[in-house]
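Just follow the structure's listing: the first ligand is 1, and inside any ligand the first atom is 1.
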Amino acid sequence: MASKPTVLILNGPNLNLLGTREPEVYGTATLDTIESECQEAADELGIAIDFRQTNHEGELVDWIQQARGKHAGIIINAGALSHTSVAVLDALKGIDLPVIEVHLSNIYRREAFRQHSYVSQAATGVICGLGPAGYVLALEALANLP
Ligand code: DQA
């Protein structure tokens, strides 16, 4: 049997704190809960996922680079690095894979510094403000890309 295509789901700094971190902004779901919801959706879509989190910019860049030729696409919530990291943008631009950017909160209703994302310049699509559902919607979008 051919192996299922694998989508890499990347989470950046401080997303390990979900559940207790500013629940009025990010809700109460933990990252483990979000991973389980993604796993369920992936099973239904017939795809596999590789779900990761790091607080380190270099590790995120390494993981993005390693995805080339190995993963079918990337879903990324780069956290604060979305707004600061040219290195993450360059890595995403360098791998020639579809990228969907996700944010739990609606970054356009928040502070001005959150309203620009470097990641968006490498993204096929962007989903923000829908909480954990955004990850599942991103998976569905990736699975249905032409
Ligand atoms: C976030 C939004 C970012 O501005 C913030 O730094 C995060 C989380 C979100 O999911 O809403 O860490 O990416």
Side-chain angles (χ1 to χ4, degrees), residues 4-45 47-68 70-145:
K4 295 181 197 174
T6 304
V7 171
L8 183 60
I9 306 180
L10 295 176
N11 295 280
N14 299 306
L15 291 166
N16 54 315
L17 300 180
L18 286 179
T20 54
R21 173 192 182 200
E22 299 181 82
E24 66 289 355
V25 177
Y26 298 115
T28 52
T30 64
L31 199 60
D32 281 349
T33 307
I34 294 175
E35 180 173 3
S36 301
E37 287 173 9
C38 286
Q39 189 57 65
E40 252 177 62
D43 290 346
E44 278 171 30
L45 291 164
I47 56 181
I49 59 167
D50 183 349
F51 193 100
R52 305 183 196 174
Q53 188 274 331
T54 179
N55 289 327
H56 305 284
E57 183 176 20
E59 188 160 43
L60 202 53
V61 169
D62 285 344
W63 287 346
I64 293 166
Q65 289 183 7
Q66 289 157 12
R68 190 180 197 136
K70 188 170 160 206
H71 293 283
I74 294 184
I75 293 170
I76 182 165
N77 181 351
L81 291 173
S82 317
H83 317 301
T84 62
S85 181
V86 177
V88 169
L89 168 62
D90 285 348
L92 290 168
K93 283 171 83 171
I95 53 164
D96 199 25
L97 285 176
V99 173
I100 310 282
E101 177 181 10
V102 171
H103 298 281
L104 294 155
S105 63
N106 180 352
I107 55 174
Y108 299 103
R109 283 184 74 162
R110 301 186 63 194
E111 303 97 320
F113 66 84
R114 294 186 204 276
Q115 293 176 22
H116 172 266
S117 165
Y118 286 104
V119 170
S120 300
Q121 290 179 41
T124 304
V126 181
I127 298 170
C128 76
L130 301 178
Y135 286 75
V136 171
L137 291 168
L139 267 175
E140 288 170 1
L142 261 187
N144 288 300
L145 279 181

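Ranking the protein heavy atoms by distance from atom 1 (C) of ligand 1 puts His103 ND1, 3.7 Å first. Here the protein heavy atom with the shortest distance to atom 4 (O) of ligand 1 is His83 NE2, 2.7 Å. Ranking protein heavy atoms by distance to atom 9 (C) of ligand 1, first place goes to Leu104 N, 3.4 Å.
The shortest N/O to N/O separation between Asn77 and ligand 1 falls below 3.5 Å. Every N/O-N/O distance between Leu15 and ligand 1 stays at or above 3.5 Å. The shortest N or O to N or O distance between Ala80 and ligand 1 is below 3.5 Å.
In this structure, of Gly79, Gly129, Ser105, the residue bringing a heavy atom nearest to atom 11 (O) of ligand 1 is Ser105.
For Ala122, the side-chain contact (heavy atoms from CB on, under 4.5 Å) partners at least two apart in sequence or on another chain are Leu89, Leu92, Lys93.
Looking at Thr30 and Thr33, their side chains do bring a donor and an acceptor atom within 3.5 Å of each other.
Enclosure of atom CG in Asp96 is not indicated, since only 12 or fewer non-hydrogen atoms of other residues, nucleotides or ligands lie within 6.0 angstrom.
The ring pair (Phe, Tyr, Trp, His ring centres under 6.0 Å) pairs that include a residue from residues 17-44 number zero, where partners must be two or more places apart or lie in different chains.
Contact annotation: Glu111 has no heavy atom less than 4.0 Å from any atom of ligand 1.
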